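Just so it is clear, the model here is predicted, and its values are computed rather than measured. So that the names make sense, note that chain A is the first sequence line, chain B the second, and so on, each numbered from 1.
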Amino acid sequence: MAAMRDLVGWIETTAISTDIKSHEWIVPAVQSIHILAIAVLMASIVMLDVRVAGFTRSGEHFERLTRRYLPWVWSALPVLLVSGLVLILGEPERELLNRFFWYKMTMLATVVVLTLLIQRSALGSPAQRLDQLPAGRRGQVRAIAIVSLVLWFGIITCGRWIAYA
Amino acid sequence: MALQDVLAAIEATPVAQAIAGSAFLFPTIEVIHVAAIVLVVGTIAMLDLRLLGFARRDQGVLELSRETLFWTWGCFIIALITGALLFSSAATRYAGLWAFQGKVLLLGLAGCNMLAFHFGAYRSVSLWNTHLPPPPAARIAGGLSLTLWTGVVICGRWIGFL
């Protein structure tokens, strides 16, 4: 924690941090970009994960679904990381000394791995419909998708809660 | 009753008082509002990009709109209810902010655009369902929608900074 405090103190002295702070419009503008990227990511995630989780019809080809939705997720993530980094540089104390920021990062790292697992599972079963997967694997990907959905909404919750903690 | 009186009456309701007086209720409702809005905007953007002919080209417009419609409307209703609750907690203050007024205006325009598309180009969708590029009227509707909803998100976020 002391090291993190030092890091925050150092970031605050950098030119880029003071630049961001000196223009009042930068933080709301970058937060808007951040939310728009979340919209792109979440719409695709929900469409994919509710099907993989078996909440809606699963008579679709697993690999086709991941090819349709996951490119949006992998494109939105770098936008989120860069815009998030700008927000950290502008307000390091608000983010880095906030436990909800670290909950969010932990959940994010976990859910990225889970999403990669879903992708790998789909690539390993080409031309197979979700409801035709072997029962063991079907159960596995269902569980991963359900946990993923919970984590993504947890990330949104913690992200917004940073402003209140 | 003048608008100021209506706003004051909204603020005086027990629900508004409870939200304004609780450190927990406002952020909780806001989280639900944000989660619903990102799904509204994300699913609308999917359809808009298809109407522009940029994405999801392997699916027909009809097929895609059937897929997104449930999410768009379901989440829009949630966003509307949570938005009304957040607004009620400080109705007079919000109503005076340019970002709030802008958000309402852009929402209205997005609604008009949607209606114009629904009763215009969409009526003959079966004729151009899989055409690429889609007809100009569809592309215009998609481009306008994408622009207006981007504006809604920007105004919405700006409300928190005023």
Within a 6.0 Å radius of atom [atom1] on [X], are there more than 12 heavy atoms belonging to other residues, nucleotides or ligands?
X	atom1	answer
A/Ile16	CD1	no
B/Trp98	CH2	yes
A/Arg64	CZ	no
A/Arg5	CZ	no
A/Trp74	CH2	yes
B/Gln101	CD	yes

Is any side-chain heavy atom of A/Met47 closer than 4.5 Å to one of B/Trp71?
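When only atoms from C-beta onward are counted, A/Met47 and B/Trp71 do touch, with a gap below 4.5 Å.
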
Heavy-atom distance under 4.5 Å to chain B: side chain of [X], backbone, both or neither?
X	value
A/Trp25	both
A/Ala29	both
A/Thr56	neither

| query | Which is it for A/Trp161 and B/Thr28 under the side-chain contact (heavy atoms from CB on, under 4.5 Å) test, yes or no, and what are the steps along the way? | reply | CA-CA 9 Å; A/Trp161 219 274; B/Thr28 304; 3.5 Å; yes

What part of [X] gets within 4.5 angstrom of chain A, counting heavy atoms only: side chain, backbone, both, or neither?
X	result
B/Glu67	both
B/Phe70	neither
B/Leu162	neither

- request: Can you measure from OG1 (B/Thr150) to CD1 (A/Ile33) and round to the nearest 0.5 angstrom?
  value: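 CD1 of A/Ile33 is found 11.0 Å from OG1 of B/Thr150.
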
| Heavy atoms under 4.5 Å from chain A: which residues of residues 35-47 of chain B carry them? |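 Residues of residues 35-47 of chain B touching chain A at under 4.5 Å: B/Ala35, B/Val38, B/Leu39, B/Val41, B/Gly42, B/Thr43, B/Met46.
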
Notebook entry, point to check: Counting heavy-atom pairs under 4.5 Å to chain B, which of A/Leu41, A/Ile45, A/Thr157 comes out on top?
Noted result: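 Among A/Leu41, A/Ile45, A/Thr157, the one with the most close pairs to chain B is A/Thr157.
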
Problem - Test log, rule side-chain contact (heavy atoms from CB on, under 4.5 Å), inputs A/Trp72 and B/Leu49 - result: CA-CA 12 Å; A/Trp72 296 97; B/Leu49 290 170; 3.7 Å; yes

Q. Where do A/Pro28 and B/Arg157 come nearest, in terms of heavy atoms and distance?
A.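 Taking every non-hydrogen atom into account, O-CG, 4.1 Å.
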
